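As structure tokens, the structure follows; a few thoughts come after it.
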Amino acid sequence: MASSTPFSVRWGIMATGWIAEVFTKDLLANPAARNVHDVRHEVVAAASSSSKDRAADFLKLVKAPSSAKAYGSYHELVADPDIDIIYVATPHSHHFQNAMLALEAGKNVLCEKALTVTAEQATKLIQTARDKNVFFMEAVWTRFFPLSIQVRELIASGAIGTVYRTIADLSINRDKPDGTVDFADSHRMVNPELAGGALLDLGIYALTWVFQSLYHVQPEEEKEAPNVVAAVNQYHTGADETTSIIVQFPKHKSHGIALTSLRIATDVDGLNSGGAAIRIQGSQGEIQVMGPAYCPLQYRVIKKDGGGKIEVVDCPIPKDPQSGWGQGMFWEADECARCLRDGRKESKTMPWRESIVIMEVMEQALRQGGVAYPELITTGVYDAQSPLNTGKR
Ligand SMILES: NC(=O)C1=CN([C@@H]2O[C@H](COP(=O)(O)OP(=O)(O)OC[C@H]3O[C@@H](n4cnc5c(N)ncnc54)[C@H](OP(=O)(O)O)[C@@H]3O)[C@@H](O)[C@H]2O)C=CC1
Ligand SMILES: O=C1OC[C@@H](O)[C@H](O)[C@H]1O
């Protein structure tokens with residue numbers, strides 16, 4: 001008989017920035033509000049590389065229980081025996097060293113996207129998770145939305161025939177009249193020292209839709225790494241500001257077009273007047289997903305012989321009725337909890353191999369565009385004492 005007590009997971013939060021706050025508040029949202037009753041989440045600790053006070057302020061801000069511990073270093077966090085899983089919420093530049101720190105300490109890890117800066121780093125993290133027999137996943141939250149699940153199921157069921165092409169865009173307009181973009185050169189969005197650039201931050205979601213529709217849905221033995229052609233415009237910092245990628249899956253005769261920019265927006269007026277952010281085109285129909293690509297709330301199905309009928313499906317994000325909070329990051333957290341409960345080290349929805357292949361595509365695209373990141377953040381050599389782990393900048 002199934003247990004009625006939800007499986008509980010104790011989270012430790014590494015870093016105290018924007019997404020750490022959003023994700024942690026989602027962890028603390030009542031699972032019943034999203035009709036989840038089999039798992040629950042506890043926030044038991046947070047660490048800041050800046051100071052213990054900052055970690056304590058963060059825990060207050062997110063309204064974590066008063067028992068949650070504040071740490072002034074990532075090293076202390078990963079050594080805490082009362083934590084089941086670490087959420088890595090540092091800039092992408094830091095993910096390899098930070099996730100490795102946690103994995104080496106024997107912790108399960110959920111690591112923010114982009115998983116790493118290079119495919120080699122991603123491969124090494126996954127090998128370490130395997131060796132340590134712990135759970136590891138890239139936090140591509142969008143994949144766990146009920147909307148994404150429905151779209152993948154529709155494709156797999158053949159509802160739009162054979163999918164031959166997906167066009168996906170995630171672009172934001174930060175263009176300024178003086179020719180710059182509206183991020184300081186030191187900001188992680190454009191700073192090469194923090195692995196800045198449109199592709200690793202935003203374009204990864206466009207690729208996520210390309211991969212969900214053209215790769216993930218294929219039987220395991222049919223999955224193939226694509227050929228990659230990219231065009232990249234570099235910002236004056238050296239990071240990419242506009243990147244367009246065509247991936248070709250030769251066996252399936254399919255193409256994916258992934259677009260990203262910091263200069264022009266997918267949704268020009270914020271009202272979806274420009275149409276769908278994602279178009280999944282099959283021989284018998286098309287699925288259109290309304291953006292933004294990271295957090296879509298509606299999709300449309302148009303059949304070739306549908307007589308002009310458009311099926312519109314809304315998939316809103318449920319809010320916790322008490323706090324009014326809910327951003328949709330809780331679904332990926334629920335996946336982690338279920339994997340831990342069931343002893344699974346890898347998520348079927350965000351498999352290890354797929355994270356590596358997507359990193360390979362992004363690395364090839366950036367190489368074609370001449371984007372190069374510093375050795376400190378591209379090295380595949382783990383160093384527990386790296387400034388990326390100690391915060392000594
Ligand atoms: N899934 C999603 O929707 C989103 C995902 N992200 C991903 O999350 C990651 C973090 O992004 P975001 O929260 O916006 O970033 P922030 O700059 O807001 O926060 C990053 C945190 O990392 C820590 N950190 C450690 N070293 C550095 C450093 N040298 N420079 C800056 N921060 C450092 C800091 O915490 P401390 O000082 O406490 O250690 C800082 O607060 C990125 O990889 C990004 O791609 C971001 C936004 C949305
Ligand atoms: O993952 C993300 O999704 C939302 C964007 O605003 C953010 O820059 C990016 O990191």
Side-chain angles (χ1 to χ4, degrees), residues 11-24 45-52 54-55 58 71-79 83 85-105 107-126 128-129 134 136-141 183-202 204 237-240 355-356 358-359 362-363 366 371-393:
W11 289 83
I13 311 299
M14 185 185 281
T16 58
W18 173 37
I19 207 58
E21 180 186 334
V22 176
F23 179 81
T24 308
S48 170
S49 60
S50 320
S51 69
K52 184 176 173 180
R54 188 173 158 123
F58 172 85
Y71 292 117
S73 76
Y74 298 162
H75 280 261
E76 289 170 280
L77 182 79
V78 304
I83 293 173
I85 182 166
I86 304 276
Y87 170 59
V88 176
T90 52
H92 348 303
S93 46
H94 290 47
H95 291 173
F96 172 67
Q97 298 293 348
N98 298 165
M100 198 63 109
L101 184 74
L103 292 171
E104 285 289 345
K107 288 289 189 247
N108 301 295
V109 172
L110 172 68
C111 180
E112 260 309 332
K113 43 57 63 181
L115 186 55
T116 47
V117 185
T118 71
E120 182 204 11
Q121 291 177 332
T123 307
K124 287 198 171 169
L125 288 176
I126 286 163
T128 305
V134 292
F136 180 61
M137 188 177 94
E138 181 181 8
V140 186
W141 58 312
F183 290 109
D185 288 358
S186 57
H187 192 278
R188 72 166 188 82
M189 288 298 285
V190 290
N191 180 354
E193 287 178 15
L194 297 177
L199 181 58
L200 291 181
D201 194 71
L202 301 171
I204 188 172
T237 58
D240 65 305
S355 281
I356 292 173
I358 293 175
M359 278 311 311
M362 295 197 292
E363 199 177 341
L366 291 171
V371 173
Y373 293 114
E375 164 72 13
L376 179 69
I377 67 167
T378 51
T379 179
V381 179
Y382 167 58
D383 176 5
Q385 296 308 320
S386 160
L388 306 176
N389 278 328
T390 62
K392 296 196 172 62
R393 292 158 199 162

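Every value quoted in this text rests on a predicted model; they were computed, and no experiment measured them.
- Taken from OG in S48 to OH in Y74, the straight-line distance is 6.0 Å, to the nearest 0.5 Å.
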Checking T123 against M359 for the side-chain contact (heavy atoms from CB on, under 4.5 Å) test, could you report, in this order, the C-alpha distance in whole Å, the side-chain angles of both residues, the deciding distance, and whether it holds?
CA-CA 10 Å; T123 307; M359 278 311 311; over 6 Å; no
Ignoring hydrogens and angles, write down the donor-acceptor pairs under 3.5 Å from the side chains of residues 11-19, residues two or more places apart or on other chains.
| unit_1 | atom_1 | unit_2 | atom_2 | d |
| --- | --- | --- | --- | --- |
| W11 | NE1 | H41 | ND1 | 3.0 |
| T16 | OG1 | R54 | NE | 2.6 |
| T16 | OG1 | R54 | NH2 | 3.3 |

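- Remark: L77 CG to I83 CD1 distance equals 4.0 Å, nearest 0.5 Å.
- Residues L366 and L200 have side chains in contact (heavy-atom distance under 4.5 Å, counting atoms from C-beta outward).
- Taking both residues in full, the closest heavy atoms of H95 and V88 are given as CD2-CG1, 4.1 Å, listed atom of the first, atom of the second, then distance.
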Let's go through Q97 and T379 carefully: what are the C-alpha distance in whole Å and the side-chain angles of both, what is the deciding distance for side-chain contact (heavy atoms from CB on, under 4.5 Å) to 0.1 Å, and is it a yes or a no?
CA-CA 9 Å; Q97 298 293 348; T379 179; 3.8 Å; yes
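- For the pair S186 and N191, the tightest heavy-atom approach, listed with the atom from each and the gap, is O-ND2, 3.2 Å.
- Counted by atom type alone, N98 and N389 present one or more donor-acceptor pairs between their side chains at under 3.5 Å.
- By the side chain to side chain contact (heavy atoms under 4.5 Å, CB included) test, S355 pairs with L115, E138, M350, sequence neighbours left out.
- The shortest distance between side-chain heavy atoms of L125 and Q121 does not fall below 4.5 Å.
- For E76, the CD atom counts as densely surrounded, since its 6.0 Å shell holds more than 12 non-hydrogen atoms of other residues, nucleotides or ligands.
- A heavy-atom distance below 4.5 Å is not found between the side chains of V134 and K107.
- Across all their heavy atoms, I204 and A114 have their closest contact at CD1-CA, 3.8 Å.
- Ring-plane geometry between H187 and F183 is classed as tilted, the angle between the planes lying from 30 to 60 degrees on a 0 to 90 degree scale.
- Put simply, OG1 on T116 and CZ on F96 are 8.5 Å apart, with the number rounded to the nearest 0.5 Å.
- Taking CD1 of I377 as the start and NE2 of H92 as the end, the distance is 9.0 Å to the nearest 0.5 Å.
- Under the 3.5 Å distance criterion, the side-chain polar atoms of Y373 are matched with a main-chain donor or acceptor of G196.
- Scanning all heavy atoms of the two residues, the minimum distance from P192 to A239 falls at CG-N, 4.2 Å.
- When side chains are defined from C-beta on, T128 does not count as touching Y382, because their heavy atoms never get closer than 4.5 Å.
- Atom OG1 in T118 sits 10.5 Å away from atom CE in M362 (nearest 0.5 Å).
- Proximity of E193 to S93: side-chain heavy atoms (C-beta onward) are nowhere separated by under 4.5 Å.
- In this structure the side chain of L194 reaches within 4.5 angstrom of the side chain of H94, judged on heavy atoms.
- Within the structure, every pair that satisfies the salt bridge (charged side-chain N to carboxylate O under 4.0 Å, His left out) test and touches residues 109-122, not counting sequence neighbours, is listed here: K113-D201, E120-K124.
- The heavy-atom pair separating A20 from F58 by the smallest distance is O-CZ, 3.5 Å.
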